[in-house]
Amino acid sequence: LQSEKGYHDRVEAREAYRDAVRFGLGGQKKTFPLSVLFDYLEGLKQDIERSLEELYTEYDGIIPTFFTYKVTDHTVATTSGETPVRVKPRSFAKRALPPFLEAPARLLKAGFSPERLHDMHERIRTSDIHDDELDMFKTSACLDGESHEIGRIRAFTKGWLERESNFLHMTYKYLLGLLQAGLHEEFFTMMKKNLVCFMDPAVYGRSTLENSSFLATSNNPDKGTHGRGFFARLSGSTIEGLNMWSVMMAGPRPFRIEDGELVLRFAPVLEGSFFKTDGTVSFTFRKKTTVTYVNPARKNTYDEGRIERIVLERPGETITRQGDAVRGRLAEEARNGSFKRITAYIK
């Protein structure tokens, strides 16, 4: 009971502190024009972009994820006899840890230069982050030269758990970044090796309809584990897989407002090989509507094929619209699931 009371006391004290400093340490609310906020955010954006450019150049195209700082100079603040009891650091030496996949995956979503992102991807594929034997990505390059001070990741066996393995949540985050950055050729090349649904079940060691926490990579000392998935995982990698699927099938933003009205504009990102031999592919849109793309030439929809006509069907009514968009009332009805089938014809 005393422990429970102590917990609630801490929570109350924390919330009281947050309320007290919500509008500044002085507790005073301040008002300023939005232009001040916009100017600040624009300046912050420019600083971040400049820092990313500098990191990109300094670290040969693969920006670092983690840094360590070692004290290089200090003064003794107080002493007790011959034993220093408190010191004041005066300078630090910064050092980047070996490359991790995390920072590049995040950079893919940051609106960085497409040319630079393509270059970064190629550098990653020729770096130690990439497992050449399995054609998969690892969480990081080799950490043998690091001490245990960098944390638990150093304590794991190579190619196991979070250390230099194909940690599926991280790999899927990177693949999603490639798709969102518009690096479509790179995405489709890598997805066929790194999405679980395309893996060989005999190697993966479990159903390819089920994600894993991680896959053991070829640097693991046990060769029998290479490419095998361990521990079922239904969180991060599953969400990123669904995100990739939705972008591929409907586009990154199927609904939008244009000229004051709602617009439904399908923009699938599909390689030609994803279409069946009859040139069609279908998916369920917003739980109720079957959307079918008809692409007789089986063109890549991201660089060749364009939607030229959309047909909407519901009991007793068929509506045809030219072009790649449905607007206004029809878009609202499509969003509400009024149509049983929507067919988009690709030229």
| query | Are the side chain of T126 and the backbone N or O of E122 linked by a donor-acceptor pair below 3.5 Å? | reply | yes
| message | Assigning hydrophobic clusters by single linkage (Ile, Leu, Val, Met, Phe, Trp, Tyr; side-chain heavy-atom cutoff under 4.5 Å), is Y56 placed with F67? | response | yes
| query | Got H74 and K88 here, is their nearest side-chain heavy-atom distance under 4.5 Å? | reply | no
| task | Could you tell me whether a side-chain N or O of S338 sits under 3.5 Å from a main-chain N or O of A334, the two making a donor and an acceptor? | result | no
| request: Please check if F255 and V263 belong to a single hydrophobic cluster, counting links between Ile, Leu, Val, Met, Phe, Trp and Tyr side chain heavy atoms closer than 4.5 Å. | output: no
| task | Using salt bridge (charged side-chain N to carboxylate O under 4.0 Å, His left out) as the criterion, list what pairs up with R50, not counting sequence neighbours. | result | D47
| Side chains of V71 and F92: closer than 4.5 Å at any heavy-atom pair? | yes
| request: Check side chain to side chain contact (heavy atoms under 4.5 Å, CB included) between S51 and all other residues, then give those that pass, not counting sequence neighbours. | output: none
| note | Note: T217 and K138 closest approach over all heavy atoms is CG2-CG, 3.9 Å
| remark: To the nearest 0.5 Å, atom CD1 of I63 lies from atom CE of M120 at 7.5 Å
| How about F167 and F137: are their ring centroids closer than 6.0 Å? | no
| note | Note: M249 and F283 closest approach over all heavy atoms is CE-CD2, 3.5 Å
| query | Any donor-acceptor pair under 3.5 Å linking the side chain of T289 with the backbone of F339? | reply | yes
| Is there a chain of hydrophobic side chains (I, L, V, M, F, W, Y, each step under 4.5 Å between heavy atoms) that links Y172 to I239? | no
| message | Suppose the criterion is salt bridge (charged side-chain N to carboxylate O under 4.0 Å, His left out): which pairs have a residue in residues 211-228, not counting sequence neighbours? | response | none
| query | Does any non-hydrogen side-chain atom of P268 lie less than 4.5 Å from one of M248? | reply | no
| field | pair L262-I257: side-chain heavy atoms closer than 4.5 Å | value | yes
| Quick one: does T280's side chain have a donor or acceptor within less than 3.5 Å of a partner on V294's backbone? | no
| message | Just to verify, what does T343 make a side-chain hydrogen bond (donor to acceptor under 3.5 Å, both in side chains) with, not counting sequence neighbours? | response | none
| query | Can you list the residues that meet the salt bridge (charged side-chain N to carboxylate O under 4.0 Å, His left out) rule with E15, with sequence neighbours excluded? | reply | R18
| request: Please lay out, stage by stage, how N166 and D131 fare under the test side chain to side chain contact (heavy atoms under 4.5 Å, CB included). | output: CA-CA 9 Å; N166 181 357; D131 185 329; over 6 Å; no
| task | Output, in order, the C-alpha distance, side-chain angles, deciding distance and verdict of side chain to side chain contact (heavy atoms under 4.5 Å, CB included) for I310 and Y345. | result | CA-CA 6 Å; I310 297 176; Y345 293 86; over 6 Å; no
Distance-only donor-acceptor hits, side chain of residues 194-203, under 3.5 Å, sequence neighbours excluded:
residue : atom : partner : partner atom : Å
N194    : ND2  : D135    : O            : 3.2
N194    : ND2  : M190    : O            : 3.0
D200    : OD1  : A202    : N            : 3.0

| message | I need the D119 CG to I124 CD1 distance, nearest 0.5 Å. | response | 10.0 Å
| field | Stepwise side chain to side chain contact (heavy atoms under 4.5 Å, CB included) test for H118 and E186 | value | CA-CA 8 Å; H118 171 77; E186 295 84 349; 2.6 Å; yes
| said: Within the structure provided, determine whether T157 and P221 are in side-chain contact (heavy-atom separation under 4.5 Å). | reply: yes
| Which heavy atom in S212 sits nearest to a heavy atom in G229, and how many Å separate them? | OG-CA, 3.4 Å
| message | Under the salt bridge (charged side-chain N to carboxylate O under 4.0 Å, His left out) definition, can you give me all pairs with a residue in residues 243-260, not counting sequence neighbours? | response | E258-R265, E258-R327
| said: Quick one, V281 and T292 - any side-chain contact, counting heavy atoms below 4.5 Å? | reply: no
| said: When you group the ILVMFWY residues by side-chain heavy-atom contacts below 4.5 Å and let the links chain together, are V291 and L242 in the same group? | reply: no
| said: Give me each pair satisfying salt bridge (charged side-chain N to carboxylate O under 4.0 Å, His left out) with a member in residues 293-314, each pair once, sequence neighbours excluded. | reply: E313-R341, R314-E317, R314-E333
| task | Report the distance from atom CG of L179 to atom NE2 of H184, rounding to the nearest 0.5 Å. | result | 5.5 Å
| Transitive ILVMFWY cluster of L97, excluding itself - 4.5 Å side-chain cut-off | F66, F100, L143, I150, I153
| said: Would you say CD of E149 has more than 12 non-hydrogen atoms from neighbouring residues, nucleotides or ligands within 6.0 angstrom? | reply: no
| task | Identify the heavy atoms of T72 and S91 that sit nearest to each other, and give their distance. | result | OG1-OG, 2.6 Å
| Which residues satisfy the side-chain hydrogen bond (donor to acceptor under 3.5 Å, both in side chains) test with T65, sequence neighbours excluded? | none
| said: Considering only residues two or more places apart or on different chains, which pairs with a residue in residues 155-178 satisfy salt bridge (charged side-chain N to carboxylate O under 4.0 Å, His left out)? | reply: E102-K173, D144-K158, D144-R163, R152-E162, K158-E164
| task | Calculate, to the nearest 0.5 Å, the distance between atoms NZ and CG belonging to K276 and N295 respectively. | result | 13.0 Å
| message | Before we go on, tell me: are the rings of F266 and F285 under 6.0 Å apart, centre to centre? | response | yes
| Within the distance-only criterion (no hydrogens, no angle test), does the side chain of R286 pair as donor or acceptor with the backbone N or O of R335 below 3.5 angstrom? | yes
| request: Quick one: closest heavy-atom pair of G159 and N220, and the distance? | output: O-ND2, 3.4 Å
| Single-linkage hydrophobic cluster V311~I342, side-chain heavy atoms < 4.5 angstrom | no
| task | Compare all side-chain heavy atoms of H121 with those of Y174 and state whether any distance is below 4.5 angstrom. | result | yes
| said: One pair to check against side chain to side chain contact (heavy atoms under 4.5 Å, CB included): L176 and K109. What are the steps and the verdict? | reply: CA-CA 9 Å; L176 176 58; K109 303 178 182 181; 4.1 Å; yes
| message | For L44, give me all partners under side chain to side chain contact (heavy atoms under 4.5 Å, CB included), at least two apart in sequence or on another chain. | response | Y40, I48
| message | Taking the side chain as everything from C-beta on, heavy atoms only, tell me whether F187 gets closer than 4.5 Å to M244. | response | yes
| Which distance, rounded to the nearest 0.5 Å, do you find between the CZ of F274 and the OG1 of T301? | 10.5 Å
| remark: The reported gap from CG in L55 to CD1 in I62 (rounded to nearest 0.5 angstrom) is 13.0 Å
| Nearest heavy atoms of L168 and L215, plus distance in Å | CD1-CD1, 3.9 Å
